[in-house]
Participant: 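Handing you this structure, nothing more for now.
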2 protein chains.
Amino acid sequence: MTSANQVKKTGNIRAKSQMKILIAARTEFVLQGYRGATVQSIADRAELPKANILYYFKNKDNIYQAVLEHTLEMWDEGIGDIDPNQGPKVAIEKIIEAKVRMSFRHPEASKIYAMEIIQGAQHLKDYARTYQRQWVREKAKLFQHWIDNGEMANVDPVHLIFLIWSATQHYADFETQILTIMNRADFEEEDVEKVIAFLSDIILRGCGLI
Amino acid sequence: MTSANQVKKTGNIRAKSQMKILIAARTEFVLQGYRGATVQSIADRAELPKANILYYFKNKDNIYQAVLEHTLEMWDEGIGDIDPNQGPKVAIEKIIEAKVRMSFRHPEASKIYAMEIIQGAQHLKDYARTYQRQWVREKAKLFQHWIDNGEMANVDPVHLIFLIWSATQHYADFETQILTIMNRADFEEEDVEKVIAFLSDIILRGCGLI
DNA sequence: TAAGTTTCTGACTAACTGGTTAACAATTAA
DNA sequence: TTAATTGTTAACCAGTTAGTCAGAAACTTA
């Protein structure tokens with residue numbers, strides 16, 4: 001009975017192994033899909049025997065569930081929140097910057113999330129229905145307030161959020177395509193800054209904020 | 001020896017069965033992924049015995065390949081081309097409209113394409129490297145020309161194309177999420193028009209064209 | 001040290017999967 | 001009609017996969 005708040009040596013080895021497995025599993029799930037990622041392939045990538053994987057997670061579905069949760073936690077932490085007092089320009093800039101940095105730093109997190117949604121979001125219907133819908137409503141309300149105050153152009157706030165999400169996540173999810181088209185092997189730090197500048201520029205101007 | 005340009009009754013039954021299989025397969029591949037979609041599940045959806053599926057396509061990989069090709073053909077037809085003489089405003093409007101309509105009409109096509117790219121585009125590396133890179137270069141050149149002529153704001157043309165792609169495809173790939181957030185069961189015709197208007201408006205203004 | 005607990009692992013199995021085959025049915029062509 | 005081609009299908013098989021299990025090893029605690 002290793003409860004969550006007990007921190008013992010045994011707890012550490014458990015947590016460490018689980019994290020190692022989660023990271024290996026995430027990569028496998030992204031590369032091969034849920035069914036294509038076998039427990040054996042996850043084990044190989046984590047450099048552990050297969051039976052060990054199933055000692056820490058009772059089955060494959062459990063691993064996937066844990067990977068998803070781990071991804072969502074990371075996501076929420078990375079985005080932070082908006083200060084209503086800072087006005088629309090800074091708010092949009094901050095969201096764009098945070099999301100672009102996340103996309104370039106953790107493309108796999110974005111990818112596994114994207115695949116889950118594309119396939120119908122069977123494992124996180126609740127997440128979208130409760131937490132995410134709430135988040136969008138709050139932010140949309142804020143934008144609407146700024147619009148009513150004449151602080152930005154009259155654009156649909158919900159679709160504006162979709163636009164920011166799609167444009168920023170694109171660099172993670174479609175990195176293969178983007179790199180190929182740009183004839184590059186990898187992204188560099190200056191690409192990140194360029195994308196932030198580009199998207200901020202065009203979206204802010206699109207919202208009448210420049 | 002049923003050659004492609006021969007149109008016989010036997011050719012018709014073949015083409016009909018193959019199309020039925022392709023449509024069933026596309027849905028299965030989207031819902032379950034490549035590995036998760038079994039030949040049996042495709043057969044069930046197509047309402048044909050499994051052996052019949054493997055009579056028309058010699059193996060599973062072949063089916064997937066055919067689904068991808070069918071998708072890309074549809075895509076290319078749907079986008080059409082830009083007339084360089086029409087100026088940046090009409091050009092961007094037309095691309096946005098075409099892509100948004102495609103996304104709402106054929107979300108599965110967009111989804112299967114997205115999944116393929118996310119997973120590393122193993123089956124269409126060549127497509128991106130040749131055809132798509134060419135397309136982007138051509139269009140980027142056109143935009144750059146308009147920028148140099150002072151006909152639109154100085155935004156990076158390649159990233160502009162990425163922005164348009166991501167923003168429009170988002171409505172197909174993430175339809176589940178979007179519907180949930182908007183608390184809707186399905187999209188309606190007026191949603192399509194609203195998205196076209198929204199994206200045109202914000203992106204055109206972002207490009208200094210309004 | 002001894003007992004108890006956690007970690008580790010090879011070997012096994014039941015279920016499933018892609019693909020084959022062989023026989024049969026329907027259609028077409030001569 | 002007859003022969004050939006095309007379409008249809010059940011039954012089968014070899015390989016793979018998730019998950020089990022029993023026992024060994026390592027570590028913790030008293």
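Numbered from 1 within each chain, the chains take letters A, B, ... in sequence-line order.
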Participant: Can you tell me if the side-chain N/O atoms of A:Y56 get under 4.0 Å from OP1 or OP2 in C:dT6?
Facilitator: no
Participant: List in chain and number order the residues that pass side chain to side chain contact (heavy atoms under 4.5 Å, CB included) with B:H70, two or more places apart in sequence or in another chain; answer none if no residue qualifies.
Facilitator: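 Listed in chain order: B:M19, B:L22, B:R26, B:M74.
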Participant: Sequence neighbours left out, what passes side chain to side chain donor-acceptor pair (under 3.5 Å) with A:K20? Give chain and number order.
Facilitator: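 A:K20 satisfies side chain to side chain donor-acceptor pair (under 3.5 Å) with no residue once adjacent residues are dropped.
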Participant: Rounded to whole Å, please give me the gap between CG in B:L48 and C1' in D:dT9.
Facilitator: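 Whole-Å distance recorded here is 11 Å.
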Participant: In whole angstrom, what separates B:N12's CG from D:dT6's P?
Facilitator: 15 Å
Participant: Summarise protein proximity over nucleotides 15-26 of chain D in one line of letters, 5' to 3': B for base, S for sugar-phosphate only, - for none, counting protein heavy atoms closer than 4.0 Å.
Facilitator: --SBBB------
Participant: Among residues at least two apart in sequence or on other chains, which ones pass salt bridge (Lys or Arg N to Asp or Glu O under 4.0 Å) with B:D76?
Facilitator: none
Participant: Nearest 0.5 angstrom please: A:Y113 OH to A:I118 CD1, how far?
Facilitator: 11.0 Å
Participant: Ignoring hydrogens and angles, tell me if any N or O in the side chain of A:R137 forms a donor-acceptor pair with the backbone of A:R133 under 3.5 Å.
Facilitator: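 Not a single qualifying donor-acceptor pair exists.
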Participant: Once salt bridge (Lys or Arg N to Asp or Glu O under 4.0 Å) is applied, do any residues pair with A:K89, and if so which ones, sequence neighbours excluded?
Facilitator: A:E93
Participant: Verify, without hydrogens or angle tests, whether A:S166 (side chain) and A:L163 (backbone) share a donor-acceptor contact under 3.5 angstrom.
Facilitator: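 Yes, because the side chain of A:S166 sits within donor-acceptor range (under 3.5 Å) of the backbone of A:L163.
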Participant: Mind listing the residues from residues 20-28 of chain A sitting with a heavy atom below 4.0 Å of DNA chain C? Number order is fine.
Facilitator: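 Of all residues in residues 20-28 of chain A, none places a heavy atom under 4.0 Å from DNA chain C.
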Participant: Mind calculating the distance between NZ (A:K16) and C1' (C:dT6) to the nearest angstrom?
Facilitator: 16 Å
Participant: What is the separation between atom CD1 on A:I53 and atom C1' on C:dG10, rounded to the nearest whole Å?
Facilitator: 15 Å
Participant: Please confirm whether the shortest side-chain N or O distance from B:Y55 to OP1 or OP2 of D:dT8 is below 4.0 Å.
Facilitator: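 Checking D:dT8 against B:Y55, no side-chain N or O comes under 4.0 Å of OP1 or OP2.
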Participant: C:dG19 P sits how many Å from B:N52 CG, rounded?
Facilitator: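 Going from B:N52 (CG) to C:dG19 (P), I get 16 Å.
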Participant: With a 4.0 Å cut-off on N to O distance, would you call A:K94 and A:D83 a salt bridge?
Facilitator: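 Judged by the 4.0 Å cut-off on N to carboxylate O distance, A:K94 and A:D83 do not form a salt bridge.
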Participant: Can you tell whether the side chains of B:D191 and B:K194 come within less than 4.0 Å, N to carboxylate O?
Facilitator: no
Participant: Roughly how many Å is it from CZ in B:R14 to C1' in D:dT8, rounded to a whole number?
Facilitator: 13 Å
